[in-house]
Amino acid sequence: MDKIMPASEAASLIRDGDHVAVQSMGTQGIPMLMVRELIRQHRRELTITSVVAGIGIDWLSFKGVMSRFCGPIVSMERFGLCQGFRRGVQAGLIEFEEYSETGILARLSAGSRNLPFGITRGMIGTDLPALHPDTIAEIADPFTGERVLACRALRPDVCLLHAHRADPLGNIQYEGGTIWPDVQIYPKACGKTIVTVEEIVSEDEVRERPHETVIPHFAVDAVVHAPQGCHPTSFFPGYVYDEAFHEQWVAVSRDPAEAIAMIDRFCAAATQVEYLELVGEPALASTRNWKELA
Amino acid sequence: MSPSERAALIACRLAREISDEDVVGVGLGTPLALAAALMARRSHATGSHLLVAGALSPDADLARCLGGAAALAGATAAFVPHVLTMEMAERRAMTLQFLRPAEVDGAGNANTSRIVAGDGSVRRLPGGLALADVARILPRIVLYHTDHRPRSLPARVSFITSAGGGDALAGTLGPVRLVTDRAVFEFTSRGARLQSLHPGEEIDRLRDDTGFTFAVDELRVTEAPTAAELAALHRVDPHALRELELRATRDAAAGRLAGLPASAQAVDAGAPAR
């Protein structure tokens, strides 16, 4: 079965109100084509989970797509706070279901293994556990009596990932394996898996490098072709984040009208090809080089 | 001291926390801590290890590190998958992290979640990522802050994202020290204690500008960066990008970074090799 489809069709696998786990490590590895498609299709009331949410979550916040964030941090690293997210939370439009990193990973990991809960030594003594009486509980280690936190299993409806290449069957490959936590956990914990890829290759080409298949085809529901699909975030090892794009976003996102105008300009692109034309080759080329070394 | 001198002092002071036995974890959002960890490996702690953006002890300057994993291929022998980095922290194979919260109180509690203002309005902060974990787990946590004033260092944080209670002598978990742009504090079971004042600071003004109370056993001055330390710092951060973390110097530092010429060497040789 051919799983390659346009972003618009893949997005139809996501319904209003779904819990969507989105690959994201701050300025790294966000499947932005699908983020833009959710905005284009006016999805509403989504809960988003990411390990380090970045610009993609900020866009979903400004456009009213996300009503809840479930995770440990929303930050663009050195580019600072996500202003749309902050405004949304402060206005009561977005709920931040805040956990520590080991807390959310324990929840997802338990979900991926069909266990009732995971455990962590983190968060004890903080104000975080009391926010979550339904998902976090302090328990005793039955063997030593040590107090630890039980973190209830989490199984989001869908996950959005980005990878280097896929074949039409949906075998997903990462060049040299993968360093992202999301990729290793989300497909196992989530009901459906949507993957955008830099490159579509044949099944034969995949078979030449089976050790690079990280997600086998039976665990994948949709494949979308998205060259430089994480722009303006980076995708290891192919391209770094677009520094100027992030700086521009930091500047305009102080003003909601300007922020939404920028989002709308880029979301007007119906396809990845149109989007890359909007961004322009000079900006794209800048992400394929980093600084002159000292 | 100028803001630039304060940034250099903070970086050098943080670096002095690192010894040969340390495995230091640093993220891309804290250039001062990254400068400190890079510098320690080039000066007094050449045996220490550093994990930044997954890269193991990259031979790279701060500018290159700020490009993240994609900029570090060729400069490192290993990328450690993020989940494994977290597991290293959990089993204390990582020994030290530097963390910069929005608020720190005298018990060493830290807040990166939300601040409640006097009028009851809430200011949302980014969240703590692994702050709540590592402060409870790692052998040593050192907090720092680049804007020492009562609002940043209150009597009690408005939300406890990570718990204090650390006492290096007693061996209890929790942050052991706080380095600010004006002073250094130690946390003990009896609360905060001033360890040293930065050069030029006065104790009375520091008390006025610190929201929490602290003990003073002896008035000491933070040792200014030595020529050797400054030379090592310059080697790993010639463009002073550590200054991205201070309000007064942030924009100028971002301008310097943006103005650096692109590398002649591509991040990756185009299409994935196969």
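First the proteins, then the strands, lettered A, B, ... as listed; each starts at 1. Just so you know, these numbers use all the heavy atoms, side chains as well, and skip hydrogens, waters and symmetry mates.
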query: Which pair of non-hydrogen atoms, one from Val240(A) and one from Ala70(B), has the smallest distance, and what is that distance?
result: CG1-CB, 3.8 Å

- prompt: Among Ile185(A), Val52(A), Leu81(A), which has the most heavy-atom pairs under 4.5 Å with chain B?
  reply: Leu81(A)

field: chain B contact via Ile104(A) - which portion, at a heavy-atom distance below 4.5 Å
entry: neither

task: Please flag which part of Leu129(B) lies under 4.5 Å from any non-hydrogen atom of chain A: side chain, backbone, both or neither.
output: both

query: Applying a criterion of heavy atom separation less than 4.5 Å, what residues of residues 81-93 of chain B form contacts with chain A?
result: Pro81(B), His82(B), Val83(B), Met86(B), Glu90(B)

message: For Arg121(A), is the CZ atom crowded, meaning more than 12 foreign heavy atoms sit under 6.0 Å from it?
response: no

message: Using heavy-atom distances under 4.5 Å, tell me whether Leu128(A) contacts chain B through its side chain, its backbone, both, or neither.
response: both

Chain A contact via Leu131(B) - which portion, at a heavy-atom distance below 4.5 Å: neither

- line: Most heavy-atom pairs under 4.5 Å with chain A, out of Ala132(B), Pro31(B), Pro126(B), Ala130(B), belong to Pro126(B)

query: So Thr126(A) and Thr161(B), side chain to side chain contact (heavy atoms under 4.5 Å, CB included) or not? Walk me through it.
result: CA-CA 6 Å; Thr126(A) 75; Thr161(B) 312; over 6 Å; no

query: When you measure from the side chain of Asp133(B) to the backbone N and O of Glu101(A), does any donor-acceptor pair fall under 3.5 Å?
result: yes

query: Which one of Gly127(B), Gly128(B), Ala135(B) has the most heavy-atom pairs closer than 4.5 Å to chain A?
result: Gly127(B)

- prompt: Where on Val89(A) is there a heavy atom nearer than 4.5 Å to chain B: the side chain, the backbone, both, or neither?
  reply: side chain

- request: Select one option (side chain, backbone, both, neither) describing which atoms of Leu125(B) are under 4.5 Å from chain A's heavy atoms.
  value: both

message: Once rounded to the nearest 0.5 Å, what's the spacing between atom CG of Asp251(B) and atom CD of Glu247(A)?
response: 8.0 Å

task: For chain A, find its close neighbours in residues 94-121 of chain B: heavy-atom separation under 4.5 Å, sorted by number, or none.
output: Ser113(B), Arg114(B)

field: By salt bridge (charged side-chain N to carboxylate O under 4.0 Å, His left out) - contacts of Arg140(B) (at least two apart)
entry: Glu17(B), Asp22(B)

field: Arg68(A) atom CZ, neighbour heavy-atom count above 12 within 6.0 Å
entry: yes

query: Looking at Arg78(A) and Glu243(B), does any basic side-chain N land under 4.0 Å from a carboxylate oxygen?
result: no

field: Met76(A), part contacting chain B, at a heavy-atom distance under 4.5 Å
entry: neither

- prompt: Are any of the side-chain heavy atoms of Phe159(B) and Leu131(A) separated by less than 4.5 Å?
  reply: yes

- prompt: Taking only residues two or more places apart in sequence or in another chain, which ones pass salt bridge (charged side-chain N to carboxylate O under 4.0 Å, His left out) with Arg124(B)?
  reply: Glu98(A)

- request: Go through Gly68(B), Ala69(B), Gly29(B) and name the one with the most non-hydrogen pairs under 4.5 angstrom from chain A.
  value: Ala69(B)

message: Run the side chain to side chain contact (heavy atoms under 4.5 Å, CB included) test on Leu244(B) and Phe79(A) for me, step by step, so that the C-alpha distance in whole Å, both residues' side-chain angles and the decisive distance to 0.1 Å come before the verdict.
response: CA-CA 10 Å; Leu244(B) 283 166; Phe79(A) 300 105; over 6 Å; no

query: So what's closer than 4.5 Å to chain A heavy atoms on Leu28(B): side chain, backbone, both or neither?
result: both

query: Does a sphere of radius 6.0 Å around CZ in Arg147(A) hold more than 12 heavy atoms from other residues, nucleotides or ligands, not counting ones at 6.0 Å or beyond?
result: yes

query: Are the side chains of Glu243(A) and Leu257(B) in touch, meaning some heavy atoms are under 4.5 Å apart?
result: yes

